[in-house]
Amino acid sequence: TVVFNSLRGEKPKLLLIGAEKMTHLSIDEATLIISGVLDQESRKQGKTMLSIAARDVMPIYLNHGLRYGDLDDMAAQLHLRASKNPNARFYGKYPKPEEIWAALRDPQKNPVVVKGTNYRRFYSASVDDGAAAIILTNRETGIRIIGVGQGNAPMKLEDRNGHYGFEATYEAAKQAFGMAHLNPADLFKQGIIEVHDAFLPYVYPQLTEMGLFNSLIDCICAFREGKCNENGTLPVNISGGLKGIGHPLAASSIRQLVSI
């Protein structure tokens with residue numbers, strides 16, 4: 001809101017920059033910082049973003065038809081795309097399907113990262129350094145922002161009102177599509193999607209709650225059928241996503257805009 005109000009005033013251009021430096025920290029230090037977004041009770045219980053994805057959320061999605069093999073397929077696709085993206089952390093790595101699948105099947109390279117689950121390293125984005133920038137202007141260019149939205153939800157997962165835990169996404173998408181005078185179905189065959197894939201299981205409910213699919217299993221099946229690949233009817237994260245490009249926290253959202 002502040003940005004758009006500024007553009008309506010005397011500032012015809014705004015430079016937005018996001019940057020993050022995390023790799024100098026230990027995994028425990030990085031985990032503690034990232035866990036600061038959780039509610040106080042969850043932190044006291046020792047929960048982390050990773051453990052919530054693996055222990056609390058993944059079982060719900062498994063009951064809706066998701067399989068761990070679906071996450072393997074998504075991770076493989078994202079790394080193959082990132083291997084061709086010179087701005088990606090994993091550029092040039094795993095350029096062939098047999099190479100990424102060998103890594104996914106190697107318990108040393110892709111170990112279980114949350115005890116008592118089958119949740120593996122390649123199902124989440126890495127800890128990264130990086131920066132991205134974008135210029136917004138109120139002058140006419142070949143690129144226009146035609147819709148924005150913002151949603152809010154309780155911090156604690158148990159307090160959220162359905163929507164697979166993504167009620168804020170549902171509300172934000174409804175606002176953005178309304179402002180743009182579009183329906184979600186309008187994106188098929190003429191749009192691309194950059195979705196937040198720091199934890200791969202969350203891709204499916206995000207797309208579902210954006211109104212692009214009627215249910216979680218519909219979204220899961222769309223990926224299985226290749227509809228969300230580069231040449232599908234709704235390409236998703238063809239850049240390599242946060243998983244393949246890297247996830248410097250403060251820069252990722254701006255980077256997604258740059259990728260689009």
Query raised in the report: Can you check whether Y68 and Y119 have ring centres sitting under 6.0 Å from each other?
Result: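 Y68 vs Y119: aromatic centres not under 6.0 Å.
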Query raised in the report: Considering residues at least two apart in sequence or located in another chain, which fulfil the salt bridge (Lys or Arg N to Asp or Glu O under 4.0 Å) criterion with K47?
Result: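 For K47, the residues satisfying salt bridge (Lys or Arg N to Asp or Glu O under 4.0 Å) (neighbours in sequence not counted) are D56, E158.
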Report summary line: Residues passing the salt bridge (Lys or Arg N to Asp or Glu O under 4.0 Å) test with K174, sequence neighbours excluded, are E171
Query raised in the report: Which residues pass the ring-ring contact (aromatic ring centres under 6.0 Å, His included) test with Y164, sequence neighbours left out?
Result: H64
Query raised in the report: Does D39 pair with K156 as a salt bridge, N-O distance under 4.0 Å?
Result: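 No, D39 and K156 are not salt-bridged.
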Query - Short N-O contact, K21 and D129, less than 4.0 angstrom - result: yes
Requested in this report: With the side chain counted from C-beta on, respond yes when I100 and F90 share a heavy-atom pair under 4.5 Å apart, and no when they do not.
Outcome: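 Side chain of I100 against side chain of F90, heavy atoms only: no contact under 4.5 Å found.
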Query raised in the report: What pairs of residues pass the ring-ring contact (aromatic ring centres under 6.0 Å, His included) test when at least one of them lies in residues 31-58, not counting sequence neighbours?
Result: none
Report summary line: The complete set of ring-ring contact (aromatic ring centres under 6.0 Å, His included) pairs with one or both residues in residues 19-60, sequence neighbours excluded, reads none
Output side-chain donor-acceptor pairs under 3.5 Å for residues 250-260, partner residues at least two apart or in another chain, one line each.
unit_1: S252; atom_1: OG; unit_2: H247; atom_2: ND1; d: 2.6
unit_1: S252; atom_1: OG; unit_2: P248; atom_2: O; d: 3.3
unit_1: R255; atom_1: NH1; unit_2: E194; atom_2: OE1; d: 3.3
unit_1: R255; atom_1: NH1; unit_2: S239; atom_2: OG; d: 3.4
unit_1: R255; atom_1: NH1; unit_2: S259; atom_2: OG; d: 2.8
unit_1: Q256; atom_1: NE2; unit_2: V195; atom_2: O; d: 3.4
unit_1: S259; atom_1: OG; unit_2: R255; atom_2: O; d: 3.1

Distance-only donor-acceptor check, side chains [X] and [Y], under 3.5 Å:
X	Y	answer
T208	Y170	no
D72	Y123	yes
K243	H79	yes

